[in-house]
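A short write-up of the structure that comes next.
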Amino acid sequence: MVTICIGKVGQAKGQKIQLDANELVSNDEFALPEKNAFGNSFRDYETDNGRKDIVEQHYKSSHINQTYEFVKQMREEYMKLDKAEMGIWECCELLNEIVDESDPDLDEPQIQHLLQSAEAIRKDYPNENWLHLTALIHDLGKILVLPKFGGLPQWAVVGDTFPVGCAFDESNVHHKYFKENPDFNNPKYNTRNGVYIEGCGLDNVLMSWGHDDYMYMVAKENGTTLPSAGLFIVRYHSFYPLHKYGAYSQLMNKEDKENFKWLKVFNKYDLYSKSKVLVDVEKVKPYYESLIAKYFPAKLKW
């Protein structure tokens, strides 16, 4: 069971209720499609669908350049939250300019992916409005590729995330490119736990820098009232070595393991809701604006 503050309609804000992610499956649950928008299997990094080379080059750059020191520098720079002041929906609209080069499953503007995920979850979990909003905001950190927010290369913004400061697990996609990472042969960082201790908690682990950690930082520092499970989803939704293979699980603590149940619920909607069938943005906008007003201030520092 997970205890979180969820504030349903007619419920006092911040009231604690008991939720069990394993018991929240509806009778008409989201059906997992077999093929992605290109007619291939999801997360297929080998089939040449016109994006294979782009995706592989992305991971090559990421795996070579995402070092422990690089991540520390990025976190220090972006913790300033001095790039802009704007609301959540305004940020959603900025994503119309972005297509994720690391994604082999979709080439639509990112706002469509956010709404597809959120609407699929909304259908199966109608009472968990915090989860609907979490789906809407989970990729907003991708604005890091825009000039106003630093114009970072996509390898420093999108793609699967992984811990730095310890050995790069072989379950990471395109693992071979880590051999060119300066940390690969550094005895301080290349053991199973590296600079960490077992059970230290993921909050104490530096993850490769990207949109996940940035959006988590923005939400937390701006005082969101989303429950801890929502923030956990935002921060670790791209951590596929853990999702799929259980890699790095020795670093998790009890709270991580509880929140991970919600991440597993979210993950299938994040991955499998990607579609060429577009959501009518203006139709659903009022609903999500009401959730934004409930869980976030009108303006946030980014």
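Position 1 is the first residue of the sequence, and the numbers go up from there.
A salt bridge links Glu90 with Lys299: at least one charged nitrogen is closer than 4.0 Å to a carboxylate oxygen.
Rounded to the nearest 0.5 angstrom, Thr67 OG1 and Lys72 NZ are separated by 10.0 Å. To the nearest 0.5 Å, the span separating CG on Asn259 from CG on Leu231 amounts to 9.0 Å. From Lys52, atom NZ reaches atom CD of Gln57 across 11.5 Å, with rounding to the nearest 0.5 Å.
Clustering ILVMFWY residues whenever any of their side-chain heavy atoms sit less than 4.5 angstrom apart, transitively, puts Trp89 in the very cluster that holds Trp130.
Taking the six-membered ring for Trp and the full ring otherwise, Tyr189 and Tyr68 have centroids separated by under 6.0 Å.
Remark: His138 engages His113, Asp270 in a side chain to side chain donor-acceptor pair (under 3.5 Å) (not counting sequence neighbours). In terms of the side chain to side chain donor-acceptor pair (under 3.5 Å) criterion, Tyr196 has no residue partners (sequence neighbours excluded). Take Pro153 and apply the side chain to side chain contact (heavy atoms under 4.5 Å, CB included) test, not counting sequence neighbours, and it matches Trp155, Ala156. Shown here are the side chain to side chain donor-acceptor pair (under 3.5 Å) partners of Glu255, two or more places apart in sequence or in another chain: there are none. Residues satisfying the ring-ring contact (aromatic ring centres under 6.0 Å, His included) test with Tyr214, not counting sequence neighbours, are Tyr78. Qualifying side chain to side chain contact (heavy atoms under 4.5 Å, CB included) partners for Ser208, counting only residues two or more places apart in sequence or in other chains: Gln66, Thr161, Phe162. Partners of Lys80 under the side chain to side chain contact (heavy atoms under 4.5 Å, CB included) rule, at least two apart in sequence or in another chain, are Glu77, Asp82. By the side chain to side chain contact (heavy atoms under 4.5 Å, CB included) test, Asp256 pairs with Leu202, Phe232, Met252, Asn253, sequence neighbours left out.
Sorted by first and then second residue, the salt bridge (Lys or Arg N to Asp or Glu O under 4.0 Å) pairs with a member in residues 215-243 read Asp203-Arg235, Asp213-Arg235; sequence neighbours excluded. Sorted by first and then second residue, the salt bridge (Lys or Arg N to Asp or Glu O under 4.0 Å) pairs involving residues 163-188 (not counting sequence neighbours) are Glu56-Lys176. Legend: salt bridge (Lys or Arg N to Asp or Glu O under 4.0 Å) pairs involving residues 149-158, not counting sequence neighbours: none detected.
Asn172 and Tyr240 form no side-chain donor-acceptor contact under 3.5 Å, judged by distance and modelled atom types alone.
Here the closest non-hydrogen pair linking Asn267 and His237 is ND2-O, 4.4 Å.
Screening Phe168, Tyr59, Phe184 against Phe178 for a ring-ring contact (aromatic ring centres under 6.0 Å, His included) leaves a single residue, Phe168.
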Check: residues 281-293 side-chain donor-acceptor pairs under 3.5 Å, at least two apart:
from, atom 1, to, atom 2, distance (Å)
Tyr287, OH, His132, ND1, 2.6
Tyr288, OH, Glu119, OE2, 2.5
Ser290, OG, Tyr287, O, 2.5

